[in-house]
There are 2 protein chains.
Amino acid sequence: MAMLMIGELARRTGVKVNTIRFYEDIALMPKAARTDSGRRTYSEADVKRLTFIRNGRDLGFSTEELKSLIGLSEHPDLDCGAAAAIARRHLLAVEARMSRLMLMRRELERVAANCDGGRMADCQVIGAIAEAPSH
Amino acid sequence: MAMLMIGELARRTGVKVNTIRFYEDIALMPKAARTDSGRRTYSEADVKRLTFIRNGRDLGFSTEELKSLIGLSEHPDLDCGAAAAIARRHLLAVEARMSRLMLMRRELERVAANCDGGRMADCQVIGAIAEAPSH
DNA sequence: CTTGATCCTCCAGTGACTGGAGGATGTATT
DNA sequence: AATACATCCTCCAGTCACTGGAGGATCAAG
C-alpha cells in the first residue's frame, strides 16, 4: 500500500500539517511510523481517521469526545453496553444541534429572500433564533 | 420594564457570568448600563440577544460571525444586498453542517441499535462518517 | 551541487472562554 | 447596628484547540 507524507495527508483531509502533528501529540491520531530520516508516513486508514476527526471537529465534538467515538469502532466486541451509551449520548447532542440548525436555516432563508426583493421589512434573525430550544 | 442583574441574566441564558462580561469586552454584547454602585443591569432584549449568541456559539459560529449576523437585524433598512449576501453565506455553512450531522446521526443510530442486540457485528463509526462531504 | 519544496522540533500567539484572588456592595437576620 | 452571606466588581492566570514561524535537516530535480 502506498505510504504518504504528512503534506499529502494534509492536502487530502483539509487538516493542516501542524494540526496533524498536534493530534499526534494529544494521541487523537496514533504515533505515525517514520522513515529512516525521521519523516512521518501515513496510510489510507489514517486518511479515513483524520477525515472523521475533521468532520467531527467541524460538528462541534471535542477531541476527547472524538477519542471515545473512535474507541467505539476500535473495540467493537468489548464493552458493548458502554458503546451504546456513548452513541446515544452523542445522538441526543446531534439531534439538539440539528433542530437549532433548522431554525437558523429557516430564518436565514427568510432574510435572504426578503432582502432579494430590494429592502427587507424587518429582519428578525435574533428574535427567531433566540426562541430556539437550548439543549 | 424590570431590569436584571448579571447573575439573573446568566441563569436565564445559560451563559456564565464571566463569559457575559467577556462578551461585553469584545463588543459582542453592548456596554451594559450600570447602577449607582457600578453593577451591570440588563433588559429582556439582552436576554434575547444573549440567547441568540449562545445558540449560535453552540452551532459553531464564531463571535465575529455572530456580530455580523446581529448586524443584520440591527440595520434592517441599510445595505440590504450585503445583508442578503451574509445570510446566504451563512446558509451554505448551515446546510453543510446539517448534511454532516445527518450522516453522523444515522451512524450513531446504527451503532446504538446494533449494540442493543447485545454485541455489535462491526462498528463502522469512522468509516461511515469519514465519507461525509467536507464542505 | 545548488535550489526549492517539504520535512523536522520547539515555542510563542490566538480565540473563546473559565476560574479564582481580593475587595466592595446588597440583603436578610439577629 | 452588627454580622453573615450572596452577589457584584476588576484583574489576571490558565485551558483547549489550534496556528504560524524560527531555525535547521532532507530530498528530488535540474
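Order of the sequence lines sets the chain letters (A, B, ...), proteins ahead of strands, with each chain counted from 1. Only this structure's heavy atoms are used, side chains among them; waters, hydrogens and symmetry mates stay out.
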**Student:** Nearest-Å distance, CG (A:L66) to C1' (D:dC18)?
**Tutor:** 14 Å
**Student:** Look up atom NZ in B:K67 and atom CD1 in B:I53, then write down how far apart they are to the nearest 0.5 Å.
**Tutor:** 10.0 Å
**Student:** With the threshold set at 4.0 Å, does a side-chain nitrogen-carboxylate oxygen contact exist between A:R11 and A:E8?
**Tutor:** yes
**Student:** Using atom NZ of B:K31 as one end and atom C1' of D:dT10 as the other, report the distance to the nearest whole Å.
**Tutor:** 13 Å
**Student:** Hey, which of these two, B:S37 or B:I26, hits DNA chain C nearer its 5' end, going by closest nucleotide?
**Tutor:** B:I26
**Student:** When you measure from the side chain of A:N18, which nucleotide among C:dT6, D:dG20, C:dA16 comes out closest?
**Tutor:** D:dG20
**Student:** Is any side-chain nitrogen or oxygen of A:T63 closer than 4.0 Å to OP1 or OP2 of D:dA17?
**Tutor:** yes
**Student:** For A:R40 and C:dC8, is the shortest distance between a side-chain N/O and OP1 or OP2 below 4.0 Å?
**Tutor:** yes
**Student:** Which nucleotide, D:dT7, C:dA16, C:dC7, lies nearest any side-chain atom of A:M5?
**Tutor:** C:dC7
**Student:** How many whole angstroms separate atom CZ of A:R57 from atom C1' of D:dT19?
**Tutor:** 14 Å
**Student:** D:dT19 C1' sits how many Å from A:I20 CD1, rounded?
**Tutor:** 13 Å
**Student:** D:dA17, C:dT6, C:dA24: which one has an atom nearest the side-chain heavy atoms of B:R39?
**Tutor:** C:dA24
**Student:** Using whole Å, report how far CD of A:E24 lies from P of D:dC18.
**Tutor:** 15 Å
**Student:** Quick one: B:L28 CG to C:dG15 P, roughly how many Å, whole number?
**Tutor:** 14 Å
**Student:** Within less than 4.0 Å of OP1 or OP2 of C:dC17, is there a side-chain N or O belonging to B:K16?
**Tutor:** no
**Student:** Quick one: on DNA chain C, does A:T41 or B:I53 contact a more 5' nucleotide (nearest heavy atom)?
**Tutor:** A:T41
**Student:** Need to verify one output field. Residue with the more 5' nearest nucleotide on DNA chain D, A:F22 or A:T35?
**Tutor:** A:F22
**Student:** Just N and O in the side chain of A:T19: are any of them under 4.0 Å from OP1 or OP2 of D:dT19?
**Tutor:** yes
**Student:** Under 4.0 Å between a side-chain N/O of A:R34 and OP1 or OP2 of C:dC7, yes or no?
**Tutor:** no
**Student:** Which atoms form the tightest heavy-atom contact between B:M5 and B:Y42, and what is the distance?
**Tutor:** C-CD1, 4.2 Å
**Student:** Expressed in angstrom and rounded to an integer, what is the separation of A:M29 atom CE from D:dA17 atom C1'?
**Tutor:** 16 Å
**Student:** Does B:Y23 make a side-chain N or O approach to OP1 or OP2 of C:dC17 shorter than 4.0 Å?
**Tutor:** yes
**Student:** Quick one: is C:dA16 close enough that its OP1 or OP2 comes under 4.0 Å of any side-chain N or O from B:R21?
**Tutor:** no
**Student:** If I take atom CZ in residue A:R11 and atom C1' in nucleotide C:dT6, what distance separates them, rounded to the nearest angstrom?
**Tutor:** 9 Å
**Student:** Taking all atoms of both residues into account, what is the closest heavy-atom pair of A:R57 and A:S62, and its distance?
**Tutor:** NH1-CA, 3.7 Å
**Student:** Which atoms form the tightest heavy-atom contact between B:S68 and B:E65, and what is the distance?
**Tutor:** OG-O, 2.9 Å
**Student:** Please name the residue in the list B:D46, B:T19, B:L50 that meets the side-chain contact (heavy atoms from CB on, under 4.5 Å) test with B:T13.
**Tutor:** B:L50
